[in-house]
Amino acid sequence: MDSPHGAAVKAEDFGLKGPRGWAFRGVGIDAAPGSLIAVEGPSGSGRTCLLLALTGRMKPTQGHAEVGGHRLPKRMTAVRRIAALGPVSGVNELDQALTVAEQLREGALLQRHYGAPVRAMLRPRAERRAVAEARISAALEAAGLDLATLPKAGRTSVRDLERLESVRLSVAIALLGSPGLLALDDLDLKLSDTERVEAWDLLRSVAARGITVLAVCSEAPADAVVLRTSPKAADAPDAPAAAESDGGTGDDSENDSENDSGNESENDSKNDSENDDTKGADDALAEAGRA
């Protein structure tokens with residue numbers, strides 16, 4: 001692989017609104033090249049949309065961001081060139097019908113066609129094959145995936161990989177293009193506690209190479225730069241203090257009834273808002289152009 005140059009990631013009041021509501025909004029960040037960035041939040045809170053927007057795959061509707069010196073949304077194509085995207089459901093997934101070796105060769109072939117200079121395609125076939133094999137070997141080493149440990153080595157089907165092995169394979173394929181930014185969705189999905197530790201250790205090692213890492217997760221590690229798509233519970237406004245009892249008059253009963261009605265209305269409004277945000281994320285993801 002070429003020597004990577006990490007992409008700084010900056011955003012101010014960054015947001016994306018779908019047909020039925022906000023996928024995310026008000027996001028701000030200023031992360032240096034080689035940072036480990038975690039997009040933290042519950043499922044349906046717009047995490048994937050934020051990841052796609054910051055990698056140039058989805059056009060934001062509010063504020064602005066800058067990735068590797070390229071301003072979004074004006075230079076989405078330039079951002080896509082330096083940002084490698086791991087598997088995102090419905091957008092960019094591993095091909096379950098291929099073997100691991102086939103998936104790696106396909107990744108190297110795509111990189112050669114779309115990421116390499118034209119003169120590289122004019123080299124003799126044997127030389128191109130040797131270069132591709134060297135890049136694959138280096139990427140596998142960086143991702144910590146040893147094909148010899150798989151049940152059928154490189155002939156192992158992608159569908160037969162364990163979840164953490166799939167993550168490592170995805171990272172290896174992404175690294176073939178020597179990106180400035182590596183982005184992964186649902187990093188900790190279906191991983192045990194031990195596997196989560198290994199996955200984050202892997203991303204730390206990638207960041208240590210100078211590549212900026214952006215990972216969607218349900219819970220971020222303490223050493224990551226954290227982006228949240230929903231407020232922390234501690235940030236929520238304090239509940240109003242309970243009224244003191246004055247001896248239990250009929251007015252209290254009437255007030256209680258009014259308060260209950262008000263609370264129900266407020267809760268309904270809150271739930272509607274939350275549902276709209278989730279629908280907004282779903283709509284934005286469904287209508288995003290696949291780049």
Side-chain angles (χ1 to χ4, degrees), residues 1-7 33-39 51 55 82-89 91-96 98-112 114-116 130-217 220-221 223-224:
M1 295 182 298
D2 300 329
S3 298
H5 300 281
S35 294
L36 177 63
I37 306 169
V39 180
L51 177 138
T55 55
I82 64 171
L85 188 66
V88 176
S89 181
V91 178
N92 182 41
E93 298 173 292
L94 294 175
D95 191 334
Q96 302 297 306
L98 298 180
T99 66
V100 172
E102 290 169 341
Q103 188 82 79
L104 287 163
R105 284 197 296 270
E106 182 181 87
L109 182 62
L110 289 173
Q111 174 56 35
R112 190 175 75 206
Y114 296 106
V131 170
E133 289 176 354
R135 294 181 74 86
I136 289 173
S137 178
L140 287 171
E141 181 180 357
L145 181 60
D146 183 357
L147 298 188
T149 65
L150 301 179
K152 297 181 181 178
R155 294 182 293 105
T156 302
S157 175
V158 170
R159 70 167 62 91
D160 293 331
L161 294 177
E162 298 292 337
R163 167 63 180 162
L164 184 56
E165 292 170 340
S166 292
V167 170
R168 292 188 185 279
L169 176 59
S170 301
V171 169
I173 293 170
L175 293 180
L176 289 172
S178 300
L181 174 66
L182 168 65
L184 297 97
D185 193 27
D186 284 328
L187 175 69
D188 49 11
L189 179 68
K190 297 181 180 179
L191 292 182
S192 67
D193 291 342
T194 301
E195 289 171 332
R196 284 194 187 95
V197 172
E198 291 186 48
W200 284 113
D201 284 345
L202 164 61
L203 298 192
R204 288 187 189 94
S205 70
V206 172
R209 292 171 173 262
I211 302 172
T212 305
V213 177
L214 178 67
V216 167
C217 62
D223 60 338

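Counting from 1, the numbers follow the sequence of the chain as shown. Below, each value reflects all heavy atoms present in this structure, side chains not excepted, and no hydrogens, waters or symmetry copies.
- Side-chain contact between L147 and T156: absent, with no pair of heavy atoms (C-beta onward) separated by less than 4.5 Å.
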For L36 and W200, run side chain to side chain contact (heavy atoms under 4.5 Å, CB included): C-alpha distance rounded to whole Å, both residues' side-chain angles, the deciding distance at 0.1 Å, then the answer. CA-CA 9 Å; L36 177 63; W200 284 113; 4.0 Å; yes
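- Within the structure, salt bridge (charged side-chain N to carboxylate O under 4.0 Å, His left out) contacts touching residues 187-203 (residues at least two apart or in different chains) are R168-E198, D193-R196, D201-R204.
- The backbone N or O of L191 sits nowhere less than 3.5 Å from a side-chain atom of R163 that would complete a donor-acceptor pair.
- Among residues at least two apart or in separate chains, salt bridge (charged side-chain N to carboxylate O under 4.0 Å, His left out) pairs with a member in residues 170-187 are R47-D186.
- For the side-chain contact (heavy atoms from CB on, under 4.5 Å) with V100, the qualifying choice from L94, L140, L150 is L150, the only one to do so.
- Listed for the T212 side chain is no donor-acceptor partner under 3.5 Å among the backbone atoms of L181.
- For residues 137-157, the set of pairs meeting the salt bridge (charged side-chain N to carboxylate O under 4.0 Å, His left out) definition, not counting sequence neighbours, is empty.
- For S35, there are no side chain to side chain donor-acceptor pair (under 3.5 Å) partners two or more places apart in sequence or in a different chain.
- Sorted by first then second residue, the salt bridge (charged side-chain N to carboxylate O under 4.0 Å, His left out) pairs that include residues 169-182, not counting sequence neighbours, number zero.
- Each of L202, L169, V167, L104 was compared with L145 under the side-chain contact (heavy atoms from CB on, under 4.5 Å) criterion, and only L169 meets it.
- Counting all heavy atoms, side chain and backbone alike, P33 lies closest to G6 at CB-O, 3.4 Å.
- Between P151 and D160, the closest side-chain pair of non-hydrogen atoms is not below 4.5 Å.
- In summary, of the residues considered (L187, L189, V39, I37), a side-chain contact (heavy atoms from CB on, under 4.5 Å) with V216 occurs for V39 alone.
- Of the options L203, L214, L85, a side-chain contact (heavy atoms from CB on, under 4.5 Å) to L184 is made by L203 and by none of the others.
- Nearest approach of A207 to G34, heavy atoms of both residues: CB-O, 3.5 Å.
- In this view, E162 and E165 satisfy the side-chain contact (heavy atoms from CB on, under 4.5 Å) rule, not counting sequence neighbours.
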